[in-house]
Structure formats: C-alpha cells, structure tokens
Amino acid sequence: MQGNSRLRHVILTIALALAPAPAFAIDEALLPRNLSPWGMFLGADIIVKAVMIGLAVASLVTWTVWLAKTVELRRKSVLAVQRTRALEGWMKLAEAAARTGDAHDAVAQLIQSCAKEAELSGGIVDDGLQERVALRLERVEAAMSRQIARGTGVLATIGATAPFVGLFGTVWGIMNAFIGISESHTTSLAVVAPGIAEALLATALGLVAAIPAVVIYNHLVRGIANYRALLGDASAQLMLLVSRQRDISDFRLARAAE
C-alpha cells in the first residue's frame, strides 16, 4: 500500500509538470516588462511616435511663449506706467518729446507721434490739431497692441488642436492593437496591452499640451488688455496736454487783444 501511494504521488507530479501552463500565466510572461512612459514611447508605432514628439514640441513652445511674453509684458507695463505718470505733471509737449529721446517703447512712440503732428501743424494748436493727434494716437495704439500680442495666437492653436492630435494617436494605437489581435489570432492581454498603453499615453500628452496652452493664453490676454488700458491712459494724458497748451495759447491771445 505504501509503495502504491508513492507511485501515485510520482505519477501525479510528472503529470502536473507536463501539463500546459494556465493562460493567465502565459499572458503574464508575455507582457512587456517596461511599461514606463519612455518604454511605451520606444515601443510605439512610428505614427504614434510622431504624434508624441509633436505634442512635446507644442508643450515646449507653450512654456517658451509664456516665459517670453510674461517678461515682455511686465517690462513694458512698468515703463508705460512710469512715462504716463511723468505726463501727469506740468509739462509741455516739446519737453515730453525731448525726454523720450530715441526710445522705442509704446508710450514714447505715442509722445513722438503727437509731437511730430504738432510740428507739422506749424505750432498752431486748435481743434483740427486735436483731431489729427487723436487719429495718430489711435494708430500707434493699434500698432503697439498688435506687436505685444504677437506670438499668442499659437497658444490658441495648440489649445484647440492638441486634444484632437492626441486623439488621433489614440485611435492609431488602438487600431494597431486590433491588428495585432487579428494577426496573432488571439485575444491575449499580452497582444492588446502595448497598443492600448501607447494610445492612452498619446491622449495624456495631448491633454498635457492643451490645458496649459489654454490657461496661459487666457492669462496673457488679460495682461495684454491691461497693457492696452495703460496705453489708453497715456493717450488721454497727451490729449490733455495738447488741450492745456491750447487753453494757454488762447489765454495769451485774449490778453494780447486787451
């Protein structure tokens, strides 16, 4: 009896050793070991790789535009405030133009344009001069506004298109997963998992590129609107300066007539 028990134990051990492994064990053995973002990128299809690289470049452009425009807006806004405050004092147009010198900032351009129109008018300060100065100031404001907004349009484009580009990578990755299933004639997780992982990574990169682009674009739009308001204040101060000089001129003419 003891011999038969040992024989049955040996036969059972051999049978278990020769039996095929369970399907889930095979799948686990076939699953790729490196499912990190970099590993999924290296194992992705060439189209999915191109999508991922494009989204990474778009994200880099977004942060570059944010840094450059933030520095530019802060520098120009501080200078505009300083020059506008200088115009609030008792100052003539010629003196304001002399102080700006050869500066090329927005408020300096407004002052120089106003002084140039006054010079072309032969020093005659009347309603016609004020209208011409207002037209010049309006044109300079529009030009400076376009200049400060340059480069922000790309953020709107990235924010609007990046999710769809990521979705394209997702569709392509899932399509590759189904192709793998068709070619291998199996629904094994080891065949499906890599393609799905790559697809989800493309979707994530699309959101990583789009969300900051939208937030930064809205932030810059508010900053540009504040900068335009500063230019409007500077233009109003210049119009007051021209009007003040006209009042002084009229007063002097009236006293001379007396």
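FYI, side chains are in, hydrogens and waters are out, and symmetry mates aren't considered; it's all heavy atoms of this structure.
- A distance of 11.0 Å separates CG of Leu200 from CG of Leu205, quoted to the nearest 0.5 Å.
- Here the CG atom belonging to Leu231 is positioned 13.0 Å from the CD atom belonging to Glu138, to the nearest 0.5 angstrom.
- Residues Tyr217 and Thr62 have side chains not in contact (no heavy-atom distance under 4.5 Å, counting atoms from C-beta outward).
- Cluster annotation: Trp63 is not connected to Val208 through the hydrophobic network of ILVMFWY side chains, with a link wherever side-chain heavy atoms come within less than 4.5 Å.
- Scanning both residues, Ala106 and Val140, for their nearest heavy atoms gives O-CG1, 4.5 Å.
- Using cut-offs of 30° and 60° on the angle between ring planes, the pair Phe168 and Trp172 is tilted.
- Without hydrogens or angle criteria, Lys69 side chain to Ile148 main chain gives a donor-acceptor distance under 3.5 Å.
- One distance of note links OG of Ser145 with CD1 of Ile224; it measures 8.5 Å at 0.5 Å rounding.
- A continuous path of ILVMFWY side-chain contacts below 4.5 Å connects Leu73 to Val61, so both sit in one hydrophobic cluster.
- Leu55 approaches Ala162 most closely through the heavy-atom pair CD2-O, 3.8 Å.
- With values rounded to the nearest 0.5 angstrom, His104 atom NE2 is found 7.5 Å from Gln112 atom CD.
- Considering only heavy atoms from C-beta on, Val221 stays 4.5 Å or farther from Thr152 through its side chain.
- Hydrophobic clustering of Ile, Leu, Val, Met, Phe, Trp and Tyr side chains at less than 4.5 Å, counting indirect connections, unites Val71 with Tyr227.
- Separating the SG atom in Cys114 from the CD atom in Gln237 is a distance of 12.0 Å, to the nearest 0.5 Å.
- Note: the hydrophobic cluster containing Val81 does not contain Ile111 (ILVMFWY, side chain heavy atoms under 4.5 Å, direct or indirect links).
- Annotation: side chain of Glu95 is in contact with side chain of Arg99 (closest heavy-atom distance under 4.5 Å).
- For the pair Lys76 and Gln147, the minimum side-chain heavy-atom distance is below 4.5 Å.
- Both Met144 and Met239 are part of a single hydrophobic cluster, where members link through side-chain heavy atoms under 4.5 Å apart.
- Between Val48 and Gly173, the closest heavy-atom pair is CG2-N, 4.2 Å.
- In this structure, Arg83 and Leu87 have side chains that are not in contact, with every pair of non-hydrogen atoms separated by 4.5 Å or more.
- Between the side chain of Thr100 and the backbone N or O of Ala97, at least one donor-acceptor pair lies under 3.5 Å.
- Atom CG of Asp105 is separated from atom CG of Leu79 by 4.0 Å, given to the nearest 0.5 angstrom.
- Remark: Lys116 does not engage Glu119 in a salt bridge, criterion side-chain N to carboxylate O under 4.0 Å.
- Between Ile216 and Val65 the shortest side-chain heavy-atom distance does not fall below 4.5 Å.
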